[in-house]
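Remember, predicted model here, so these are calculated numbers, not experimental data. The chains referred to below are lettered A, B, ... by the order of the sequence lines, with proteins before strands, and numbering in each begins at 1.
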Number of protein chains: 2
Amino acid sequence: MSQPQQERSRATRQRLLDATVESLAEVGWAGTSVVGVAARAGVSRGAAQHHFATRDDLVRAAVESVLDELTRHMVHRESDLDQGKERPLAVVEMLAEMWASSFGKAATHLWVAASTDPSLRDLVLPLEKRFSRELFRATADLLRVDRQEPAAVQSVRLTIDLTRGVGLGTLLHPDLQRRKAELAQWAAVLATIPGIGV
Amino acid sequence: MSQPQQERSRATRQRLLDATVESLAEVGWAGTSVVGVAARAGVSRGAAQHHFATRDDLVRAAVESVLDELTRHMVHRESDLDQGKERPLAVVEMLAEMWASSFGKAATHLWVAASTDPSLRDLVLPLEKRFSRELFRATADLLRVDRQEPAAVQSVRLTIDLTRGVGLGTLLHPDLQRRKAELAQWAAVLATIPGIGV
DNA sequence: ATGAAAACAAGCAGGAGTGCTTGCTTCAGT
DNA sequence: ACTGAAGCAAGCACTCCTGCTTGTTTTCAT
């Protein structure tokens with residue numbers, strides 16, 4: 001029954017993917033090498049070579065992994081919102097946490113690197129487009145946005161871009177206190193916009 | 001009179017700095033090499049070596065150049081605001097243009113790279129701290145913010161982080177139409193916040 | 001006009017990353 | 001127990017970037 005061998009293979013593959021994301025978040029795109037990732041995953045270089053024939057293969061799988069994870073972070077998370085807070089604030093903080101996570105940081109590095117590397121760009125662009133749509137939909141759902149209100153719809157985009165901008169700032173100096181206050185202010189503004197929170 | 005030689009030297013140095021910024025904006029931090037910058041500037045490799053002994057020297061000068069230029073982009077630009085638009089919208093668009101410029105893109109790349117490269121981080125952090133202060137002050141001035149209103153002060157930070165987030169998105173796909181609408185929505189929100197625009 | 005200094009060009013060695021190839025070890029199926 | 005495939009380690013060649021060093025041209029001062 002089952003296939004311990006294949007199971008082992010799958011586990012190694014997953015470790016490699018996780019290590020890639022970790023590497024992207026910690027040392028960035030340029031600093032991420034196959035050697036480094038293999039060392040992080042605790043596997044040999046040949047093992048990595050076996051699972052992902054080329055560096056591009058590893059990257060492709062890692063990008064998909066990152067965007068899948070980010071999508072999971074927001075889609076249908078209704079029940080995971082902080083119940084002790086107003087809904088807009090809870091959603092905004094959930095978004096901010098997403099960007100601050102390893103996956104969010106990795107995504108930021110990938111994003112910036114893709115803006116200059118044509119081949120990476122070709123790889124990331126279509127995946128990101130889908131992710132962007134799903135993130136928008138998920139955020140709009142959590143915020144209970146009335147799609148008939150242009151201002152409310154636009155505010156969803158503002159929320160996403162703002163939290164991403166805040167996340168970018170957090171990369172360099174994680175000034176939690178200030179960020180918290182900033183996000184709270186935005187959440188307060190959000191609450192006043194017609195078409196939000198039903 | 002004067003020293004044509006030294007003037008020529010100064011011009012070459014400036015060309016190298018401009019080429020560095022251009023390189024950062026176009027091919028990013030990792031893609032920026034001394035050789036590439038020299039080629040961009042139309043100067044020989046030896047010339048670059050002469051002006052900036054080491055790569056770090058070039059980088060240091062380039063970072064200062066970038067932040068100086070960005071500061072100039074917003075400080076005391078009262079008279080350059082688009083007079084045909086409401087003040088908040090004009091200021092927001094000026095900020096967005098700043099991040100979309102070569103200097104803004106270069107700054108984004110530097111920012112992200114510095115988050116992983118310790119030595120670059122040490123170089124960028126203090127300079128960025130000063131820049132951040134001046135940008136805040138300049139933006140608050142242009143928006144005519146009442147510093148006694150916490151919400152208004154917080155909104156300045158939101159405006160800066162938001163435009164930076166939008167700029168990050170623009171790096172990959174410059175969807176001008178959508179961004180314009182988004183910024184307009186934010187400007188409209190800004191106008192409703194007490195303590196803004198006097 | 002001539003010598004000195006600055007500006008510039010080009011070649012060279014060291015280091016790092018990538019991908020390929022060669023062997024050795026472990027495990028599933030017979 | 002045996003065979004074949006997967007997992008794994010190590011070495012090699014190639015490329016690119018960096019920094020150093022030498023040689024040539026241009027410019028200024030006398």
Side-chain angles (χ1 to χ4, degrees), chain A residues 1-20 22-24 26-63 109-110 113 116-120 123, chain B residues 1-20 22-24 26-63 109-110 113 116-120 123:
Chain A
M1 56 148 291
S2 75
Q3 296 99 338
Q5 196 178 75
Q6 297 203 11
E7 176 54 30
R8 180 188 174 198
S9 173
R10 209 199 55 79
T12 299
R13 185 188 153 90
Q14 190 57 47
R15 275 218 306 282
L16 281 168
L17 284 181
D18 292 345
T20 305
E22 187 185 302
S23 174
L24 283 172
E26 282 186 22
V27 297
W29 167 252
T32 295
S33 72
V34 177
V35 178
V37 168
R40 242 173 232 275
V43 294
S44 77
R45 206 176 147 191
Q49 190 79 17
H50 177 79
H51 283 282
F52 304 97
T54 162
R55 186 175 189 265
D56 282 1
D57 291 341
L58 175 60
V59 168
R60 181 185 310 271
V63 172
H109 283 285
L110 281 172
T116 67
D117 185 326
S119 68
L120 181 60
L123 168 61
Chain B
M1 59 150 293
S2 78
Q3 296 99 336
Q5 199 179 73
Q6 296 203 13
E7 176 54 30
R8 183 188 171 199
S9 173
R10 209 199 55 76
T12 298
R13 185 188 153 90
Q14 191 56 47
R15 275 218 306 281
L16 280 168
L17 284 181
D18 292 344
T20 306
E22 187 185 302
S23 174
L24 283 172
E26 283 187 20
V27 298
W29 166 253
T32 295
S33 72
V34 177
V35 178
V37 168
R40 242 172 234 274
V43 210
S44 80
R45 224 180 124 183
Q49 190 79 17
H50 176 79
H51 284 280
F52 302 96
T54 162
R55 186 176 189 266
D56 281 2
D57 291 340
L58 176 61
V59 167
R60 180 185 310 272
V63 172
H109 283 285
L110 281 171
T116 66
D117 184 326
S119 68
L120 182 60
L123 168 61

### Counterpart residues, side-chain hydrogen bond (donor to acceptor under 3.5 Å, both in side chains), relative to Gln49(B) (two or more places apart)
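Result, side-chain hydrogen bond (donor to acceptor under 3.5 Å, both in side chains) vs Gln49(B): none returned.
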### Task
With sequence neighbours excluded, tell me which residues meet side-chain hydrogen bond (donor to acceptor under 3.5 Å, both in side chains) with Arg15(A).
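Arg15(A) satisfies side-chain hydrogen bond (donor to acceptor under 3.5 Å, both in side chains) with no other residue.
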Rounded to whole Å, please give me the gap between [atom1] in [X] and [atom2] in [N].
X: Phe52(A); N: dT18(C); atom1: CZ; atom2: C1'; value: 17 Å
X: Trp29(A); N: dG17(C); atom1: CH2; atom2: C1'; value: 13 Å
X: Arg10(B); N: dT27(D); atom1: CZ; atom2: P; value: 17 Å
X: Leu58(A); N: dG19(C); atom1: CG; atom2: P; value: 10 Å

### Message
Please confirm whether the shortest side-chain N or O distance from His51(A) to OP1 or OP2 of dA6(D) is below 4.0 Å.
### Response
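Checking His51(A) against dA6(D): no side-chain N or O falls below 4.0 Å of OP1 or OP2.
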### Query
Quick one: is His50(B) getting a side-chain N or O under 4.0 Å of the dC8(C) phosphate, OP1 or OP2?
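No, because none of the side-chain N or O atoms of His50(B) sits under 4.0 Å from OP1 or OP2 of dC8(C).
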For [X], check side chain to side chain contact (heavy atoms under 4.5 Å, CB included) against everything at least two apart and list the hits.
X: Asp117(B); value: Trp29(B), Ser119(B), Leu120(B)
X: Asp56(A); value: Thr54(A)
X: Arg45(B); value: Val35(B)

Could you go over nucleotides 19-23 of chain D and give all protein N or O partners under 3.5 Å, atom names and distances?
{"unit_1": "dG19(D)", "atom_1": "OP1", "unit_2": "Thr54(B)", "atom_2": "OG1", "d": "3.4"}
{"unit_1": "dG19(D)", "atom_1": "OP2", "unit_2": "Arg55(B)", "atom_2": "N", "d": "3.2"}
{"unit_1": "dG19(D)", "atom_1": "N7", "unit_2": "Arg45(B)", "atom_2": "NH2", "d": "2.9"}
{"unit_1": "dG19(D)", "atom_1": "O6", "unit_2": "Arg45(B)", "atom_2": "NH1", "d": "3.2"}
{"unit_1": "dG19(D)", "atom_1": "O6", "unit_2": "Arg45(B)", "atom_2": "NH2", "d": "2.1"}

#### Entry: Selection from dC8(D), dC17(D), dC8(C) that lies nearest to any side-chain heavy atom of Thr12(B)
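Nearest to the side chain of Thr12(B) among the choices is dC8(C).
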### Flag side-chain contact, heavy atom, 4.5 Å: Arg55(B) against Ser33(B)
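No, side chains not in contact.
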